[in-house]
Amino acid sequence: MSSQTVIVPPLADCQSLDSPNQHSQLYPDVVTGNLNGTTLIVPIPLETARGIIPHEYEIAEQAYRELLPSFPDGMYPMMAQIVHDHDIRVVSLNASLADFSRASFEFPFIDILGDGHSSFRWTGTFLITDSNELAISGAESYGMTVHPAIFDPLCDAFVPTSDGAMYAHSQSNDTTGSRFMTLQTEPSGSVVPYPLDFMMNVTNQPVFANDQMCDYYLRLFNTSLTTGETAPVPVVGSVRANLEPFAAPQSWDGVYGWRLATPFLEPLGPSACST
């Protein structure tokens, strides 16, 4: 019998199709797992972004224009994503955490250090699987607002629709189910406005809700998960959401991004935000 401690019991009858964690022994002192899901880049007016992002933080516009020279003038690359954390372990503590999903709007290229180039990613709100209290409290420890939520699919990052697209939906489990996010995507073929290098950059920027604590979550793009059948897929699709920081429901069509799975590394707790 294994002596591994399961901190949060897995959902009954929940069998994920995600790949197993194969790097936990290499990084025994941090949280490891695999992250699978869809991240879309939603161009919004730069003026809108400045009105949403806390006013004390500057946007490092030059940083994203160096990576995306043809990105439209006066626009900002907001992220909309639904992802699934799978096979989460901390080997040094002989511990594991049940899978969970999360949905969010995220705002990269935030210059909280005032040096004009260091990029951080502001994320003030999450929808997180309602049964995973540790994941919820972990996000809250960084100052983030969390709405416990239900996800479709329950145990994976997305599910195929009858017309061949991929679908993911999250909805708060309050009495009204008022907060939600839905992503529906299909492969974009040769149309790839955001290179994978750009996605590597934005998904590896330190995450924060306030500038006192950062989550130095790291995604690894140089493993077997980014090759073969599990290689990243460029996609185009739609976003439907009613979630902070927006005060009203939002809808976007024809937005591009990637469907991808990577291993991840995450510190056991918050760190000071620094270079």
Side-chain angles (χ1 to χ4, degrees), residues 2-39 79 81-104 106 121 123 126-142 144 146 148-149 151 153-159 168 170 196 199-200 202-207 214-233 258-271:
S2 170
S3 61
Q4 185 181 58
T5 301
V6 178
I7 300 174
V8 177
L11 295 171
D13 302 322
C14 196
Q15 299 295 321
S16 176
L17 298 177
D18 287 344
S19 300
N21 179 347
Q22 296 183 338
H23 61 290
S24 60
Q25 296 292 335
L26 298 174
Y27 305 95
D29 298 321
V30 298
V31 183
T32 64
N34 289 339
L35 188 71
N36 191 14
T38 305
T39 300
M79 301 163 63
Q81 67 174 6
I82 298 178
V83 292
H84 184 247
D85 290 71
H86 175 65
D87 199 4
I88 308 160
R89 305 181 190 183
V90 185
V91 168
S92 63
L93 299 179
N94 198 32
S96 65
L97 173 65
D99 289 10
F100 66 94
S101 295
R102 48 192 168 95
S104 56
E106 306 197 7
R121 195 165 85 242
T123 308
F126 278 111
L127 292 162
I128 292 180
T129 301
D130 57 3
S131 62
N132 200 315
E133 295 180 2
L134 189 59
I136 291 171
S137 63
E140 290 174 338
S141 73
Y142 288 89
M144 298 163 183
V146 177
F151 285 78
L154 180 63
C155 308
D156 286 298
F158 39 75
V159 65
S170 57
L196 192 58
M199 302 304 293
M200 292 171 60
V202 295
T203 59
N204 279 308
Q205 293 177 16
V207 181
C214 278
D215 183 1
Y216 285 83
Y217 192 104
L218 181 64
R219 300 187 69 170
L220 306 178
F221 284 77
N222 59 346
T223 75
S224 60
L225 268 185
T226 53
T227 62
E229 292 184 358
T230 55
V233 177
W258 289 80
R259 197 162 61 233
L260 57 95
T262 67
F264 72 82
L265 311 176
E266 184 176 25
L268 294 176
S271 301

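Not measured: the values here are computed from a predicted model.
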Inset, instruction - Applying side-chain contact (heavy atoms from CB on, under 4.5 Å) between Leu260 and each of Val233, Leu196, Thr226, report the one that passes. - result: Leu196
Inset, instruction - Quickly, which of Ile136, Asn132, Leu134 forms a side-chain contact (heavy atoms from CB on, under 4.5 Å) with Phe100? Name it, please. - result: Asn132
Inset, instruction - Search all heavy atoms of Ala139 against all heavy atoms of Val146 and return the closest pair with its distance. - result: CB-CG2, 3.7 Å
Inset, instruction - To the nearest 0.5 Å, tell me how far Met199 CE sits from Trp258 CH2. - result: 8.5 Å
Inset, instruction - Looking only at non-hydrogen atoms, find the nearest pair between Ser19 and Thr230 and report the distance. - result: OG-CG2, 4.1 Å
Legend entry - Side-chain heavy-atom pair Val30, Glu266 within 4.5 angstrom cut-off: no
Legend entry - Those residues that, when tested against Asp87, pass side-chain contact (heavy atoms from CB on, under 4.5 Å) (two or more places apart): Pro20, Asn21, Arg89
Legend entry - Which residues share a salt bridge (Lys or Arg N to Asp or Glu O under 4.0 Å) with Glu106, sequence neighbours left out: Arg121
Legend entry - Side-chain donor/acceptor of Thr129 to backbone N/O of Ser101, under 3.5 Å: yes
Legend entry - Shortest non-hydrogen contact between Pro263 and His23, atoms and distance: CB-CE1, 3.2 Å
Inset, instruction - Quick one: pull up CZ in Arg259 and OG1 in Thr39 and give me the separation to the nearest 0.5 Å. - result: 11.5 Å
Legend entry - Non-neighbouring partners of Tyr27 that pass ring-ring contact (aromatic ring centres under 6.0 Å, His included), sequence neighbours left out: none
Legend entry - Close side-chain approach of Val90 and Val31, heavy atoms under 4.5 Å: yes
Legend entry - Passing option when His86 is tested against Asp18, Asn34, Asp99 for side-chain hydrogen bond (donor to acceptor under 3.5 Å, both in side chains): Asp99
Inset, instruction - First locate atom OG1 of Thr32, then atom CZ of Phe264, and finally report the distance between them rounded to the nearest 0.5 Å. - result: 6.5 Å
Inset, instruction - Going by the side-chain contact (heavy atoms from CB on, under 4.5 Å) test, name the single residue among Asp85, Leu220, Leu225, Ile88 that passes it with Leu35. - result: Asp85
Inset, instruction - Taking all non-hydrogen atoms of both residues into account, name the closest pair between Ser224 and Gln22 and its distance. - result: OG-OE1, 4.4 Å
Inset, instruction - Applying side-chain contact (heavy atoms from CB on, under 4.5 Å), name anything that partners Pro270, two or more places apart in sequence or on another chain. - result: Ser141, Tyr142, Met213
Legend entry - Leu265 CG to Asp29 CG distance, which is reported to the nearest 0.5 Å: 11.5 Å
Legend entry - Any donor-acceptor N/O pair, Asp156 side chain to Leu17 backbone, under 3.5 Å: yes
Inset, instruction - Compare every heavy atom of Pro267 with every heavy atom of Asp215, then report the nearest pair and how far apart it is. - result: OD1-CD, 4.0 Å
Inset, instruction - Heavy atoms only: give me the nearest Ser170-Ala103 pair and the separation to one decimal. - result: OG-CB, 3.3 Å
Inset, instruction - Taking the side chain as every heavy atom from C-beta outward, state whether Thr203 and Tyr217 have any pair of such atoms under 4.5 Å apart. - result: no
Inset, instruction - Give, for atom OG1 of Thr123 and atom CD of Gln205, the distance between the pair rounded to the nearest 0.5 Å. - result: 10.0 Å
Inset, instruction - Could you pull out all residues at least two apart from Phe126 that satisfy ring-ring contact (aromatic ring centres under 6.0 Å, His included)? - result: none
Legend entry - For Arg219, all residues meeting salt bridge (Lys or Arg N to Asp or Glu O under 4.0 Å), sequence neighbours excluded: none
Inset, instruction - To the nearest 0.5 Å, tell me how far Ser131 OG sits from Phe151 CZ. - result: 10.0 Å
